Trainee: 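Shown below is the structure under consideration.
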Amino acid sequence: MKSWRLNAFGIENLTLDDAPEREPGPGEVLVRMKALSLNYRDLLVVRGQYDPKLSFPLQPLSDGAGEVIAVGEGVTRWKSGDRVAGIFMQGWIEGGPSEEKAKTALGAAIPGVAAQQVLFDQEGLVAIPDHLSFEEAATLPCAAVTVWHALFTSGKLAPGETVLTQGTGGVSIFAVQFARMTGARVFATSSSDEKLARVAELGASETINYRSIPEWGREIRQQTNRIGVDHVVEVGGAGTLSQSLNAVRMGGHVALIGVLTGGEVNPVPILFRNIKVQGIFVGSREMFEDMNAAITEAKMKPVIGETFGFDDLPKALRRMESATHFGKIVLTV
Ligand SMILES: NC(=O)c1ccc[n+]([C@@H]2O[C@H](COP(=O)([O-])OP(=O)(O)OC[C@H]3O[C@@H](n4cnc5c(N)ncnc54)[C@H](OP(=O)(O)O)[C@@H]3O)[C@@H](O)[C@H]2O)c1
């Protein structure tokens, strides 16, 4: 079977190699991967900007879906033929985060899913919704679970509330979709008017080009009768947080998720305006299962911007680097 390996930092140091086929041991499940998806984190990992102390070779990527082809002794949760996806942190089953759970993240702390076959512990998988293809299900483990955690577990999003999303990448498009599923009003930003037209089709009622309106935080405050939005799904990081603090209402919730931009932040508005800033690092299997139940009920379909072949991982990462995509980038295995 084939597997991708990162041999040193840099997209040019990825190689597609032959790897031995493995048998599942006690409690293990062998999955024939059918589709993978990219996260911005994968780009950071490959470039050496995520964890400079990673050891090589590393099998990259955290997100994938496939079919169970063999189970080891004592496996009770799965059988051959089951359609599954891996959970981002293999050891975060339920409850809150911990240092130990964070050390089980696929594709950095432990080997990832960029292979034709992957061995998982039986606890590290969820069943995927029946109405989703493997490609659609492969988009869920990191970006979608992170948004679920941000908006529902942390933010307790309710119908009629307002949500601000930034840009049109994987995380932000899930944020638009989950907010609309709940009956929330969405304010979406992007660098591109064409992408804003697409995000409006997904249900964003207000759209703002952050390039043509650099003071978009104030603009959004105006558009909400000077109150501000209830929730911000913050993916820009230091370079966008000041605008987000202008856009959010007094006592509102900012889910700090991304690190796409650099800059400086004045923390004073956080205290003067009683803003709840919550860091989010993906989520648990329990959150993934709750999210899948909601996705199934709503028959929600993730938005795939572009699909590549398994052999095209370097090309797919370069597409992500160019930020020309909309929603998720997927690889068919
Ligand atoms: N904490 C966590 O657990 C977690 C989980 C998942 C992702 N993340 C982080 O979240 C961020 C997004 O990840 P992703 O996988 O969704 O990335 P992605 O698919 O590559 O999305 C990138 C998009 O972000 C938008 N963007 C770039 N600069 C921006 C800016 N200054 N203001 C607003 N939007 C901007 C662009 O959208 P337009 O082209 O529309 O402008 C770009 O296409 C990354 O920093 C990633 O590391 C964190």
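Throughout, residue positions are numbered sequentially from 1 according to the sequence presented. In this text the structure is predicted, and so the values were computed from the model without any measurement.
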Trainee: Ignoring hydrogens and angles, state whether a donor on the side chain of Gln278 or His253 is under 3.5 Å from an acceptor on the partner side chain.
Mentor: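 His253 and Gln278 do not have a side-chain donor-acceptor pair below 3.5 Å.
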Trainee: Not counting sequence neighbours, list each pair that qualifies as a salt bridge (Lys or Arg N to Asp or Glu O under 4.0 Å) and has a residue in residues 183-195.
Mentor: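 Qualifying pairs, neighbours excluded: Arg185-Glu206.
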Trainee: Applying salt bridge (Lys or Arg N to Asp or Glu O under 4.0 Å) as the test, list every pair that has at least one member in residues 42-63; sequence neighbours left out.
Mentor: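 Listed by first then second residue: Arg47-Glu321.
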Trainee: So which heavy atom on Gln122 is nearest to which on Gly74, and how close?
Mentor: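 Minimum heavy-atom separation between Gln122 and Gly74: NE2-O, 3.6 Å.
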Trainee: Which pairs of donor and acceptor atoms, one on a side chain in residues 325-333, lie under 3.5 Å apart (sequence neighbours left out)?
Mentor:
from   : atom 1 : to     : atom 2 : distance (Å)
Lys328 : NZ     : Leu38  : O      : 2.9
Lys328 : NZ     : Asn39  : OD1    : 2.8
Thr332 : OG1    : Glu135 : OE2    : 2.9

Trainee: With a cutoff of under 4.5 Å between side-chain heavy atoms, which Ile, Leu, Val, Met, Phe, Trp and Tyr residues group with Ile69?
Mentor: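 Ile69 clusters with Leu30, Leu119.
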Trainee: Indicate yes or no for a side-chain donor-acceptor contact from Gln59 to the backbone of Gly112 under 3.5 Å, with no hydrogens or angles considered.
Mentor: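 Yes: the side chain of Gln59 pairs with the backbone of Gly112.
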Trainee: Check step by step if side chain to side chain donor-acceptor pair (under 3.5 Å) holds for Ser242 and Asn266.
Mentor: CA-CA 7 Å; Ser242 298; Asn266 173 7; over 6 Å; no
Trainee: Going by distance alone, is a donor N or O of one side chain under 3.5 Å from an acceptor N or O of the other, for Ser190 and Ser192?
Mentor: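 The criterion, which ignores hydrogens and geometry beyond distance, is not satisfied for Ser192 and Ser190.
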Trainee: Can you list the other members of the hydrophobic cluster that holds Phe134, where links are side-chain heavy atoms under 4.5 angstrom apart?
Mentor: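 When side chains under 4.5 Å apart are linked, the cluster holding Phe134 also contains Ile128.
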Trainee: Any cation-pi pair here, Arg41 with Tyr50, using under 6.0 Å and within 45°?
Mentor: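 So Arg41 does make the cation-pi contact.
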Trainee: Using the side chain to side chain donor-acceptor pair (under 3.5 Å) rule, collect all pairs that involve residues 72-88, keeping only residues at least two apart or in two chains.
Mentor: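 Residue pairs passing side chain to side chain donor-acceptor pair (under 3.5 Å), neighbours aside: Lys79-Asp82.
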Trainee: Okay, side chain of Asn7, backbone of Asn13: is any donor-acceptor separation there less than 3.5 Å?
Mentor: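 A pair under 3.5 Å: yes.
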Trainee: Using atom types as modelled and distance alone, determine if a side-chain donor or acceptor of Glu297 lies under 3.5 Å from a backbone N or O of Ala294.
Mentor: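 Checking the backbone N and O of Ala294 against the side chain of Glu297, no donor-acceptor pair under 3.5 Å is found.
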Trainee: Side chain of Arg5, backbone of Leu58: donor and acceptor closer than 3.5 Å?
Mentor: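 No, the answer is negative, given that no donor and acceptor are paired below the 3.5 Å cut-off.
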Trainee: Hey, does Gln116 have a side-chain heavy atom less than 4.5 Å from the side chain of Met33?
Mentor: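 Heavy-atom side-chain distance check fails, nothing below 4.5 Å.
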Trainee: Which residue pairs pass the salt bridge (Lys or Arg N to Asp or Glu O under 4.0 Å) test when at least one of the two sits in residues 263-285, sequence neighbours left out?
Mentor: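 Output for this query lists Glu123-Arg285, Arg285-Glu289.
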Trainee: Before accepting this row, confirm whether a basic side-chain N of the pair Lys301/Glu136 lies closer than 4.0 Å to the acidic partner's carboxylate O.
Mentor: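 Salt bridge between Lys301 and Glu136, a charged N being under 4.0 Å from a carboxylate O: yes.
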Trainee: Judged by atom type as modelled, is there a donor-acceptor pair below 3.5 Å linking the side chain of Lys101 to the main-chain atoms of Gly96?
Mentor: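 Yes; judged by distance alone, with no hydrogens or angles, the pair exists.
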Trainee: Please list, chain by chain and in numerical order, all residues satisfying ring-ring contact (aromatic ring centres under 6.0 Å, His included) with Phe152, sequence neighbours excluded.
Mentor: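 With sequence neighbours excluded, Phe152 shows a ring-ring contact (aromatic ring centres under 6.0 Å, His included) to Trp148, given in chain and number order.
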Trainee: Taking side chain to side chain donor-acceptor pair (under 3.5 Å) as the cut-off, I'd like each qualifying pair that reaches into residues 84-95, sequence neighbours left out, listed once.
Mentor: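 For residues 84-95: none.
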Trainee: Do you see a donor-acceptor pair shorter than 3.5 Å between the side chains of Glu234 and Gln166?
Mentor: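 Gln166 and Glu234 do have a side-chain donor-acceptor pair below 3.5 Å.
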Trainee: Can you tell me which residue among Asn274, Thr224, Asp230, Thr162 is in a side-chain hydrogen bond (donor to acceptor under 3.5 Å, both in side chains) with Arg249?
Mentor: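 Output: one option passes, namely Asp230.
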Trainee: List, by chain and then residue number, the residues other than Ile270 in its hydrophobic cluster (Ile/Leu/Val/Met/Phe/Trp/Tyr, side-chain heavy atoms under 4.5 Å); write none if there are no others.
Mentor: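 For the cluster that includes Ile270, the remaining residues are Leu164, Phe187, Ile208, Tyr210, Ile213, Trp216, Ile220, Val229, Val232, Leu241, Leu245, Val248, Val254, Leu256, Val265, Ile275, Val277.
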Trainee: According to a hydrophobic-cluster definition based on side-chain heavy atoms being under 4.5 Å apart (Ile, Leu, Val, Met, Phe, Trp, Tyr only), do Leu196 and Leu260 belong together?
Mentor: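 No, Leu196 and Leu260 fall in different hydrophobic clusters.
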Trainee: For a quick test of reading the model, state the closest non-hydrogen atom pair linking Ser3 to Ala19 and the distance between them.
Mentor: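 Answer, listing the atom of Ser3 first, then Ala19: OG-CB, 4.0 Å.
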Trainee: Is it true that Lys103 and Glu100 have a side-chain N and a carboxylate O under 4.0 angstrom from each other?
Mentor: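 A salt bridge links Lys103 with Glu100.
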Trainee: Test of understanding: with ring-ring contact (aromatic ring centres under 6.0 Å, His included), list the residues that count as partners of Phe88, not counting sequence neighbours.
Mentor: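 Residues passing ring-ring contact (aromatic ring centres under 6.0 Å, His included) with Phe88: Phe281.
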Trainee: Could you work out, with ring-ring contact (aromatic ring centres under 6.0 Å, His included) as the rule, every residue matching Phe272, not counting sequence neighbours?
Mentor: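 With sequence neighbours excluded, Phe272 shows a ring-ring contact (aromatic ring centres under 6.0 Å, His included) to no residue whatsoever.
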Trainee: Quick one: does any side-chain atom of His149 pair with a main-chain N or O of Phe288 as donor and acceptor, under 3.5 Å?
Mentor: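 Not a single qualifying donor-acceptor pair exists.
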Trainee: Taking the side chain from Arg180 and the backbone from Ala184, do they hold a donor-acceptor pair closer than 3.5 Å?
Mentor: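 Flag set: sc Arg180 to bb Ala184 pair under 3.5 Å.
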Trainee: Side chain to side chain contact (heavy atoms under 4.5 Å, CB included), that's the test. Do Val46 and Leu317 meet it? Break it down for me.
Mentor: CA-CA 9 Å; Val46 169; Leu317 284 165; 4.2 Å; yes
